[in-house]
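Notes follow once the structure below has been shown.
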Amino acid sequence: YTTCDSIVSKNGCAAGVKALRKGFELLLADHTDSRFTGRLMKIVAEIFRRDDVKGKMKKSVLFSQERPYLGMMEFNIRKRNIGRLKHQFDISHAESRAEATISVKGLLSASAISPGGATHFRILNHLSIVSDYCYSKSNRRYEPVSMLNGMSAYGYSDYFAVLDNPNIEVRVEFRDGVWPLEEDTVIQCMGVEFFQKTGEKYFLFRSGGGVEICEVF
């Protein structure tokens with residue numbers, strides 16, 4: 001990785017990191033560690049560096065041209081259990097990029113990765129949009145090219161007992177009228193959360209579970 005090496009590039013990187021965090025807002029409290037933002041900064045800085053345009057105030061943060069690189073993001077290096085389940089799921093998205101689905105028939109091994117005391121789990125499907133960023137001479141700052149920047153959508157499965165082998169499908173779509181543009185990048189994340197059921201309430205376990213990138217498109 002490289003680091004931002006000028007005031008202008010730092011502003012561009014900071015804007016890009018802020019946009020990613022806005023899209024992941026739902027995930028920050030429960031599914032990221034203390035070094036998550038630092039890892040984002042390194043990724044955004046490298047994307048900024050890869051823009052081959054020369055000259056001060058001309059380089060951009062072109063997420064749309066470096067989508068595979070965004071797939072390297074790690075939310076929490078100590079919570080990676082979703083990786084032991086993800087391979088069982090079919091992951092797909094519409095050509096419009098406005099919706100995406102994760103599904104599995106007869107999920108296996110949830111009990112093998114559940115923390116002690118957990119009785120139930122659920123699956124998360126999360127979408128977010130990050131726009132390319134360019135420098136605005138008139139406003140003297142980096143700004144998103146698309147108004148959809150930072151938008152997110154998410155859905156959860158039902159709660160399932162950890163010993164179950166359920167059929168699961170979670171389809172998520174952005175609100176009506178939202179169609180990602182060429183300069184928009186959609187990031188799809190998948191997660192698993194574990195709970196202890198007491199009475200009719202489910203209490204989230206901070207340990208176990210985790211979130212990973214499924215696709216970037």
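- At least one donor-acceptor pair closer than 3.5 Å links the side chain of Asp51 to the backbone N or O of Ser60.
- In this structure a side-chain-to-backbone donor-acceptor pair under 3.5 Å is missing from Ser64 to Glu183.
- When all heavy atoms of Thr185 and Arg67 are compared, the closest pair comes out as OG1-NE, 3.1 Å.
- When the side chains of ILVMFWY residues are joined at heavy-atom separations under 4.5 Å, either directly or via intervening members, Leu62 and Phe48 end up in two distinct hydrophobic clusters.
- Looking at heavy atoms from C-beta onward, Glu143 lies out of side-chain contact with Asn149 at the 4.5 angstrom threshold.
- Under the 6.0 Å cut-off for aromatic ring centres, Phe195 and Phe203 do not qualify, their centroids lying 6.0 Å or more apart.
- Enclosure of atom CZ in Phe160 by more than 12 non-hydrogen atoms of other residues, nucleotides or ligands within 6.0 angstrom is indicated.
- Ion pair Glu46/Arg50 flagged as a salt bridge, since at least one NZ, NE, NH1 or NH2 atom sits closer than 4.0 Å to an Asp/Glu carboxylate oxygen.
- Sorted by first then second residue, the side chain to side chain donor-acceptor pair (under 3.5 Å) pairs that include residues 20-29, not counting sequence neighbours, are Arg21-Thr37.
- Sequence neighbours left out, the pairs with a member in residues 168-179 that pass side chain to side chain donor-acceptor pair (under 3.5 Å) are Glu99-Arg171.
- A side chain to side chain donor-acceptor pair (under 3.5 Å) check over residues 112-129, counting only residues at least two apart or in different chains, returns the pairs Arg122-Tyr159, Arg122-Glu193, Asn125-Gln188.
- The backbone N or O of Ala110 lies less than 3.5 Å from no partner atom in the side chain of Arg84, so there is not a single donor-acceptor pair.
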